[in-house]
Every structure is written in structure tokens, then in C-alpha cells.
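Encoded as C-alpha cells, the structure appears first; notes follow it.
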Amino acid sequence: MKITDAKVIVCCPGRNFVTLKITTDAGISGLGDATLNGREKAVATYLEAYCIPALIGKDPRNIEDIWHYFYKGVYWKRGAVTMSALSAIDMALWDIKAKALNTPLYNLLGGKSRERVLVYAHVTGKDLEQTLEDVSKKVEAGYLAVRVQSGIPGLGQIYGVPKGDKPYEPAQKGLPQEETWDTAKYLNFVPKMFAKIRAVFGDDLHLLHDVHHRCTPIEAARLAKELEPFHLFWLEDPVTAELQEGLRLVRQHSTTPIAIGEVFNSVYDYTTLITEQLIDFIRMPLSHGGGITHLQKVAAYAAFYHIQTGFHGATDLSPVNLAASLHFDLAINNFGIQEYMPHQEIVHAVFTPNYHYENGFLYVDDTPGIGVTFNEEKAKQYPYQTACLPVNRKTDGTMFYW
Ligand code: EZ4
Ligand code: CO
């Protein structure tokens with residue numbers, strides 16, 4: 001089998017997605033998700049200018065060799081842009097292989113370890129009252145796990161809180177918008193919020209929270225310690241993990257489980273965290289972390305250290321990535337949980353999913369391959385629109401992490 005063509009389609013059904021389609025001489029094509037939120041064109045250009053010309057003529061069945069061609073073979077390796085491109089190539093090759101063998105992807109990853117995938121929903125509200133109402137709605141919808149973010153008294157628009165009645169979507173049209181941050185106000189509010197949620201909803205509901213990289217190690221240690229009585233499923237990205245050693249301090253002070261890695265793109269972002277058992281869940285998504293080929297290795301490495309998966313599943317990752325993640329989640333032994341932020345209906349006009357939600361779980365059907373179909377004609381109706389993630393400043397104007 002030979003790769004005869006590959007193309008990148010950037011479309012904007014409500015938000016931007018970058019899709020790689022690889023075509024072969026066997027009449028089989030594969031899809032990969034190359035979306036990097038707010039940096040879509042950088043990945044598209046890298047694929048078009050440097051990767052696609054080198055892909056043509058290669059045998060798509062040799063996934064491991066092609067992976068290393070674009071990793072070891074490339075002098076300027078790692079980084080979000082190049083790894084997102086490599087991830088999309090890898091995903092499309094696995095899609096082709098599974099279609100060629102006429103079997104759903106999970107069969108090539110070891111088969112099913114479970115029939116369904118536990119997911120967590122996003123709860124948001126502009127204040128505590130609205131947040132509690134939203135927890136109720138998600139519980140009514142059958143969710144067994146919820147990630148809770150809320151507006152904070154004294155702060156304006158912040159991460160995780162929707163504007164008006166629209167579902168939360170961090171990227172906004174045009175140049176980055178500015179948000180304001182105050183860690184002291186945040187640290188005072190969050191433990192009170194979880195105390196209230198536990199008091200109202202009891203012990204069984206799994207509760208998660210995303211710090212979004214905004215604490216120093218000692219601040220994160222305080223938060224993780226104060227949240228201990230509420231038994232979180234996880235505390236996500238408590239510190240910016242450019243400095244892996246920062247997690248040691250958090251660990252020394254608390255038994256709150258830690259999840260990290262949605263901005264990671266290689267196993268080398270994780271080595272200290274995994275070998276020193278400083279975290280409990282890896283979150284690096286297939287579409288940014290080197291695809292199925294690399295995540296199989298990272299997930300296996302994590303498993304030896306009692307660490308589970310909890311893949312990133314925000315709406316800025318396309319249905320192709322979500323479906324691929326679900327196959328992976330079904331197959332591996334150390335699956336933990338899957339983030340599930342449903343796409344807007346308009347997204348499904350372009351990408352037809354092969355998964356569905358029911359009572360707290362996602363199910364994937366037995367369509368061969370990854371199983372998502374992509375309607376190129378429809379995609380043309382939704383051309384790319386410039387959109388960026390916000391930037392964040394402290395209340396005195398100092399630039400801060402978003
Ligand atoms: O901010 O995917 O856990 N989920 C998250 C996401 C990220 C976005 C950034 O593109 O932190 O909402
Ligand atoms: Co996050």
C-alpha cells in the first residue's frame with residue numbers, strides 16, 4: 001500500500017478545526033486531528049510545507065517507522081506545533097490500518113478492557129448559586145463525575161465561566177481578550193465552594209477541578225491540602241508544569257490526586273512526574289502528544305507507576321480526536337476517566353461521530369477505523385476565522401498565566 005495524497009482542511013463550524021486526510025492507492029483514507037487552539041495555521045503550514053511532501057509514496061502500514069521519521073528524523077523536534085502535526089499523521093495512519101483490516105481501532109490496541117468509558121462533564125456558573133444549579137443539571141443528565149469551575153466574587157470574566165447564555169468556549173474571535181486574576185481571592189473561594197457542593201450532593205458524585213496552571217507550588221499545596229476533606233477525583237494543573245520538580249511540594253503536603261498534561265506533547269514532559277509518582281493522571285491528548293503510537297508508550301510507562309489516564313477532551317479537540325481517545329480508553333488497563341465537553345450541533349454537520357453519551361458513559365460503535373466521517377463539502381461552508389485564547393493579567397496589570 002502507498003500514500004498517494006494528503007491534505008489539510010481547516011474549517012470553522014462554530015470554532016476552528018484542522019483535519020488531516022491521508023489517501024492511499026488501496027482506496028482507503030484516514031483522518032487525523034491537527035487542531036491546536038488559536039495556532040491552527042501554524043500546524044497546517046508545517047504539515048503542508050514539510051510533512052505531506054515527505055509522506056507521499058510511503059507505505060502507510062509502517063506506522064512506527066513513519067512516526068520516527070517525523071520525530072527522530074527531524075532535527076527540530078518536540079513542541080506543540082510539530083507534535084500536533086505528527087499526532088495527526090499518526091492518527092490517520094492508525095485509521096487507515098484499522099479500515100484496511102476492517103475492524104474498529106480498539107481491536108488493534110489490545111481489544112476491549114471495558115464496554116463503556118466513564119466521562120466527566122463541565123459544570124460552570126457565574127457565581128456559586130448558578131454553579132450549584134448546573135451541578136444539579138449534570139446529575140439529572142446522569143453524569144457520575146463533574147468538573148466544577150465558578151465565577152469568583154470580586155473577579156470578572158475568568159477561565160471556565162461562560163459569557164451570557166452560550167456554552168463555554170475559551171477561544172474568541174480576533175486577537176486575545178484580556179482577563180484579570182487574583183490568586184488570593186481564588187484560594188479563599190474554592191474550598192468553600194467544594195464544602196457546599198459536598199454538603200448538597202453527598203459523597204458519591206466524583207468532583208474534579210481545574211486550577212489551569214495558576215498557582216505556585218506552595219499555593220497549590222495549600223489548596224490541595226484544604227480540599228482534602230472533599231475527596232476530589234482530581235485537582236488538575238495545580239501549577240504550571242514547565243518545572244516538574246514543583247509538583248514535589250504539592251505531593252509532600254496533600255493526598256488530593258493530581259492530573260496534569262493537557263499542554264504537554266512528549267514523554268519528556270512527564271519523566272520526573274511519573275518516576276517520582278508526583279501525579280495520578282496523565283492528560284496529554286492523542287492529538288498533541290504524538291498520537292496513538294506515543295501515547296501507548298506513555299500510558300504504559302505511567303501504568304508501571306500506578307498512574308491512570310484522564311485524557312483532555314475539550315471542544316477544541318475535534319470529534320476525530322475524541323473518537324480515537326475513546327478507542328484508546330476502551331482498550332488500556334490503566335484508563336481512569338475521559339473529559340467530555342460535547343461539541344455544538346453544527347460541528348456534527350461536518351464530522352459525523354460514531355459515539356454517543358448515555359447515563360454517565362460514552363459508547364463507541366463498531367465502525368471500522370476511528371469511525372468518524374468528515375464531510376469535506378460541508379466543511380467548505382465554514383471557512384477559517386481568526387480566533388485566539390485569552391491572555392491573563394493580575395489585578396495590578398502584571399502579565400500572568402492564562
Ligand atoms: O483551556 O482546551 O481542562 N480543560 C481545559 C481546556 C483548555 C482549552 C485550551 O485550548 O483546561 O478548557
Ligand atoms: Co485543563
Side-chain angles (χ1 to χ4, degrees), residues 37 78-80 120 122 147-150 152 155 158-161 170 179-191 193-194 207-285 288-289 298 302 305-312 314 336-337 339 389-396 398-402:
N37 204 4
R78 299 171 62 189
Y120 69 90
H122 282 208
R147 182 195 93 149
V148 186
Q149 309 296 130
S150 172
I152 293 166
L155 287 181
I158 60 162
Y159 169 75
V161 180
E179 295 180 354
T180 313
W181 185 250
D182 184 327
T183 302
K185 285 193 167 62
Y186 169 75
L187 289 176
N188 288 336
F189 174 78
V190 174
M193 175 178 83
F194 279 103
L207 299 176
L208 299 79
H209 178 67
D210 191 349
V211 184
H212 222 253
H213 328 265
R214 286 163 189 209
C215 287
T216 63
I218 200 67
E219 289 164 350
R222 168 185 152 187
L223 180 62
K225 192 172 172 178
E226 291 187 6
L227 290 174
E228 263 176 22
F230 315 119
H231 297 150
L232 261 57
F233 188 95
W234 80 35
L235 187 65
E236 176 181 335
D237 292 332
V239 296
T240 139
E242 289 134 298
L243 182 70
Q244 296 185 44
E245 292 80 356
L247 269 295
R248 286 186 191 136
L249 204 60
V250 183
R251 210 52 157 178
Q252 281 158 15
H253 288 280
S254 163
T255 58
T256 295
I258 304 294
I260 220 157
E262 70 182 41
V263 301
F264 290 3
N265 51 68
S266 136
V267 71
Y268 298 108
D269 295 321
Y270 269 124
T271 43
T272 304
L273 298 176
I274 290 177
T275 55
E276 294 189 23
Q277 301 179 71
L278 300 179
I279 56 168
D280 302 278
F281 297 92
I282 52 168
R283 284 190 41 74
M284 183 165 79
H288 298 157
V298 180
Y305 293 88
H306 305 282
I307 296 166
Q308 295 176 287
T309 62
F311 290 139
H312 191 204
I337 200 164
E339 181 176 17
L389 290 170
V391 293
N392 201 21
R393 290 184 189 275
K394 293 189 198 176
T395 42
D396 72 352
T398 310
M399 274 309 299
F400 197 54
Y401 298 103
W402 176 73

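Predicted model, so just to flag it, every value in this text is computed and none were measured. These values consider heavy atoms only, across backbone and side chains, with no hydrogens, waters or symmetry-generated copies.
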- Using a strict cut-off of less than 4.0 Å between a Lys/Arg side-chain nitrogen and an Asp/Glu carboxylate oxygen, indicate whether Glu219 and Arg214 qualify as a salt bridge.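 Judged by the 4.0 Å cut-off on N to carboxylate O distance, Glu219 and Arg214 do not form a salt bridge.
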[atom1]/[X] to [atom2]/[Y] distance, rounded to the nearest 0.5 angstrom?
| X | Y | atom1 | atom2 | result |
| --- | --- | --- | --- | --- |
| Phe194 | Leu207 | CZ | CG | 6.0 Å |
| Gln244 | Glu276 | CD | CD | 9.0 Å |
| Glu228 | Leu223 | CD | CG | 11.0 Å |
| Leu273 | Ile307 | CG | CD1 | 8.0 Å |
| Gln308 | Ile282 | CD | CD1 | 10.0 Å |
| Thr183 | Asn188 | OG1 | CG | 11.0 Å |

Please name the pair of heavy atoms, one in [X] and one in [Y], separated by the smallest distance, quoted to 0.1 Å.
| X | Y | answer |
| --- | --- | --- |
| Gly336 | Phe281 | CA-CE2, 4.2 Å |
| Val239 | Ala220 | CG1-CB, 3.7 Å |
| Ala224 | Thr256 | O-OG1, 2.7 Å |
| Pro217 | Leu249 | CB-CD2, 3.6 Å |
| Gly160 | Gln149 | O-CB, 4.0 Å |
| Pro238 | Cys215 | O-CB, 3.2 Å |

Is a side-chain donor or acceptor of [X] paired with a backbone partner of [Y] at a separation under 3.5 angstrom?
| X | Y | value |
| --- | --- | --- |
| Thr275 | Thr271 | yes |
| Asn265 | Gly79 | yes |
| Glu262 | Arg283 | no |
| Thr309 | Phe311 | no |
| Arg147 | His122 | no |

- For the residue pair Phe264 and Tyr270, does the interplanar ring angle fall in the parallel (under 30°), tilted (30 to 60°) or perpendicular (over 60°) class?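 Geometry flag for Tyr270 against Phe264: perpendicular rings.
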- Query: Do the rings of His212 and Tyr159 sit parallel, tilted or perpendicular, given the 30° and 60° boundaries?
  - Reply: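 Ring orientation, 0 to 90° scale: parallel.
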[X] side chain near [Y] side chain, heavy-atom distance below 4.5 Å:
| X | Y | result |
| --- | --- | --- |
| Leu187 | Glu226 | no |
| Ile152 | Met193 | no |
| Leu235 | Val211 | yes |
| Trp234 | Asp280 | no |
| Glu236 | Leu208 | no |

- Apply the test side chain to side chain contact (heavy atoms under 4.5 Å, CB included) to residues Trp181 and Leu155: give CA-CA distance (whole Å), side-chain angles for both, the deciding distance (0.1 Å), then the verdict. CA-CA 7 Å; Trp181 185 250; Leu155 287 181; 4.2 Å; yes
- Item | CZ/Phe400: more than 12 non-hydrogen atoms of other groups inside 6.0 Å |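 Result for CZ/Phe400: enclosed.
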- Message: Checking Thr272 against Leu278 for the side chain to side chain contact (heavy atoms under 4.5 Å, CB included) test, could you report, in this order, the C-alpha distance in whole Å, the side-chain angles of both residues, the deciding distance, and whether it holds?
- Response: CA-CA 8 Å; Thr272 304; Leu278 300 179; 4.2 Å; yes
